Each structure stands twice: as C-alpha cells, then as structure tokens.
Amino acid sequence: MRSSEALVGALRAAGCVFAEEEAEVLAGSAGSPEELEDMLARRVAGVPLEHVVGWAEFRGLRIVVDEGVFVPRRRTELLVEQGVALAPPDAVIVDLCCGSGAVATALAVELPGAEVHAADVDPAAVRCARRNLEPRGGHVHEGDLDAALPTDLRGRVDLLLANAPYVPSAEVPLMPSEARDHEPLIALDGGTDGLDLHRRIAALAPRWLRPGGLLLIETSRRQAPGTAAAMVVHGMGTAMTRSEELDATVVVGISAGASRPRRSST
C-alpha cells in the first residue's frame, strides 16, 4: 500500500497545490488499496478531486457531485450566508441553476423551517441535487430556469437565489482545465459579457417574488454593476455584498415593498 508520503509526493508532482489535504481526502475515501491507486491515477490525470471522490465540502456539508456536474466553489458560500441572513421565518426559497443543489441543501439545513425548491436544466445535475436536497425535505425540478417550478409558488417566494454561469464566452478557454475539461459548458458560459442568464433571471423574478421578496445572484466584482442594472430594468432596488476573504460578490435585488438591505463587506 502506498504510504502517505508517497501519495503526497505523487500529487505534488502532478501540480496539486494542496497535496497534503488532497492526500488525506483520497485516503479517507478509498475503500481499498486498489481503489486508492485508481483514485490517485484519475486525480493525477487532472480529474477534479470532487469528481474522483464523489463529493465536495460546502458549508460543512458533504455534497454529492457526480462526474460531469459543476463543482460548488467555496466563494458561493457567501450566497448562502446572505440567504440565511435575509430570510424571514418559514421562508419560501427557490434556487435556480442549482447544479448539485449545494446552495439549496445548505439553506435547507440552516433554515429548517423553510420551504426550499431547486431547479436546473441539466439532468445529471438534477440527479445530484435530488440526492442532496430531497433527504432534507426540499424539492428539485428539471427544466430551463423557472420553467418547471410549481405554479403555486408564483407571488409567494421570499428568496430567489442563483449561481448562474457568469464567465464571458471568450474567457471560458482560459479557465483551469479542471473546470474547462470536466464541467459542463452550460454551467460555465454566461454569454458574450457573462450576464445572459442574469438578465433572464432578473426578468422572470417579479412573477415569483412576493412583495418585498429578494433576488440574490452571485456575480463577479467586475460584473456586479451589470448584474445590478439588469435588476433595475425590472423595477428592483439593489444592494451589493462583497467578501474579500472568499473573493465573492452577491448582488441583491429588492422587489417593491422591501426596505433596502445594507451594503456590506465581510
């Protein structure tokens, strides 16, 4: 059986920056020496660690992530943090472009009184989201953006959240190979300026949000003004939250009847 030092050495030689941590995850996930060798070979070949072991850590949870499904990033924890901070008691929550369901699952765990729905157009992502969210009492729907949401949610959603793709099309080839070669293009490519999905979500949000409901979209610092502008077009006030620690930005759209959330930086 390969020693921990040899495992770390192989990962480091393959360019893994966090070789020690990855070695620990691989060793703890493998059921046998043979499985460990297979996992190591796949990781050294460039397969994302989360796809190799079948899960990602997110807000202290193990989120199931199958191969070919977008891997939740730590920066997206800011979206959950803001959702928890802004949700009223017994909130009705919808997570669009949910991927593996990491955001919705974390919210269901941290807001046990909430009614949580998630939706994605990718069948592989939906399968993961169902394994993650449904055991926590949530509901997962397969369809383009809001197309598959239950119609009885219209006008009563407190929080509509989205980590929709926001990488400009021309920049997708510049992304790390782990993302570019192993995650679906539909989860990465946000169109010419990266904001195609943000504009679509801002347009559909008013028919789902209750008066005073909030739209929360993860974006980049550079694109935040464009994300906010898309919300303003559809009658929303806006606020921005930024975390330098996570290198994360969330724009909040405030529907009619809401007081304006304070701009914050964490």
Side-chain angles (χ1 to χ4, degrees), residues 75-99 103-104 106-107 110-111 114-121 141 143-168 190-243 246 248-266:
R75 71 170 65 94
T76 304
E77 293 186 1
L78 181 63
L79 193 61
V80 176
E81 178 184 308
Q82 290 300 297
V84 171
L86 296 170
D90 301 324
V92 177
I93 297 172
V94 172
D95 175 22
L96 295 182
C97 302
C98 71
V103 168
L107 288 169
E110 298 183 41
L111 298 169
E115 176 185 345
V116 181
H117 295 260
D120 202 286
V121 71
H141 314 279
D144 182 33
L145 295 182
D146 64 339
L149 293 178
T151 56
D152 65 0
L153 290 176
R154 290 195 176 210
R156 68 183 191 90
V157 174
D158 296 290
L159 296 181
L160 180 61
L161 305 97
N163 177 22
Y166 53 91
V167 178
T192 301
D193 64 354
L195 299 179
D196 283 1
L197 271 293
H198 292 191
R199 284 185 282 267
R200 290 183 61 197
I201 292 168
L204 65 84
R207 64 175 170 260
W208 298 100
L209 291 173
R210 65 164 177 79
L214 302 174
L215 171 62
L216 287 73
I217 298 182
E218 178 180 316
T219 190
S220 69
R221 187 205 296 267
R222 171 171 58 107
Q223 293 161 299
T227 301
M231 297 178 183
V232 170
V233 165
H234 296 283
M236 299 180 192
T238 63
M240 186 189 79
T241 295
R242 172 76 187 167
S243 169
L246 296 174
T249 304
V250 170
V251 174
V252 180
I254 309 104
S255 62
S259 59
R260 185 183 183 90
R262 290 180 297 174
R263 181 188 180 101
S264 64
S265 180
T266 60

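For the numbers below, each heavy atom of this structure counts, side chains included, while hydrogens, waters and symmetry mates do not. Note that the coordinates shown come from a computational prediction; the quantities given were computed from them, not determined experimentally.
Looking only at side-chain heavy atoms (C-beta outward), L197 and L145 come within less than 4.5 Å of each other. L214 places none of its side-chain heavy atoms less than 4.5 Å from the side chain of Q82.
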- [ ] Start with the C-alpha distance between T241 and E81, add both sets of side-chain angles, then the distance that settles side-chain contact (heavy atoms from CB on, under 4.5 Å), and finish with yes or no.
- [x] CA-CA 10 Å; T241 295; E81 178 184 308; 5.8 Å; no
TODO: Begin with the C-alpha distance, continue with both residues' side-chain angles, and end with the deciding distance and a verdict on side-chain contact (heavy atoms from CB on, under 4.5 Å) for R207 and D146.
DONE: CA-CA 10 Å; R207 64 175 170 260; D146 64 339; 2.8 Å; yes
Task: Test log, rule side-chain contact (heavy atoms from CB on, under 4.5 Å), inputs V80 and L107 - done: CA-CA 6 Å; V80 176; L107 288 169; 4.0 Å; yes
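Just one residue in the list L149, V94, V92, L96 forms a side chain to side chain contact (heavy atoms under 4.5 Å, CB included) with W208, and that residue is L149. Checked options L215, L216, D95; the residue passing with L160 is L215 (criterion: side chain to side chain contact (heavy atoms under 4.5 Å, CB included)).
In terms of heavy atoms, I201 sits closest to C97 at CD1-SG, 4.5 Å. Across all non-hydrogen atoms, the minimal contact from L159 to G83 is CD1-O, 3.3 Å. Across all non-hydrogen atoms, the minimal contact from A239 to I254 is N-CD1, 4.0 Å. In terms of heavy atoms, H198 sits closest to T227 at ND1-OG1, 2.9 Å. Closest of all the heavy-atom pairs between A224 and M240 is CB-SD, 3.8 Å. When every heavy atom of L246 is checked against every heavy atom of S243, the shortest pair comes out as N-OG, 3.1 Å.
The CG atom of L79 lies 6.5 Å from the CD atom of E218; values are rounded to the nearest 0.5 Å. Atom NE2 of H117 sits about 5.0 Å away from atom NE2 of H141, to the nearest 0.5 Å.
Here the side chain of D144 pairs no donor or acceptor atom with the backbone of V121 at under 3.5 angstrom. Judged by distance alone, the side chain of S255 and the main-chain N or O of R210 form a donor-acceptor pair under 3.5 Å. Judged by distance alone, the side chain of Q223 and the main-chain N or O of Y166 form a donor-acceptor pair under 3.5 Å.
Between R199 and D193, at least one side-chain nitrogen of the basic residue sits less than 4.0 Å from a carboxylate oxygen of the acidic one, meeting the salt-bridge criterion.
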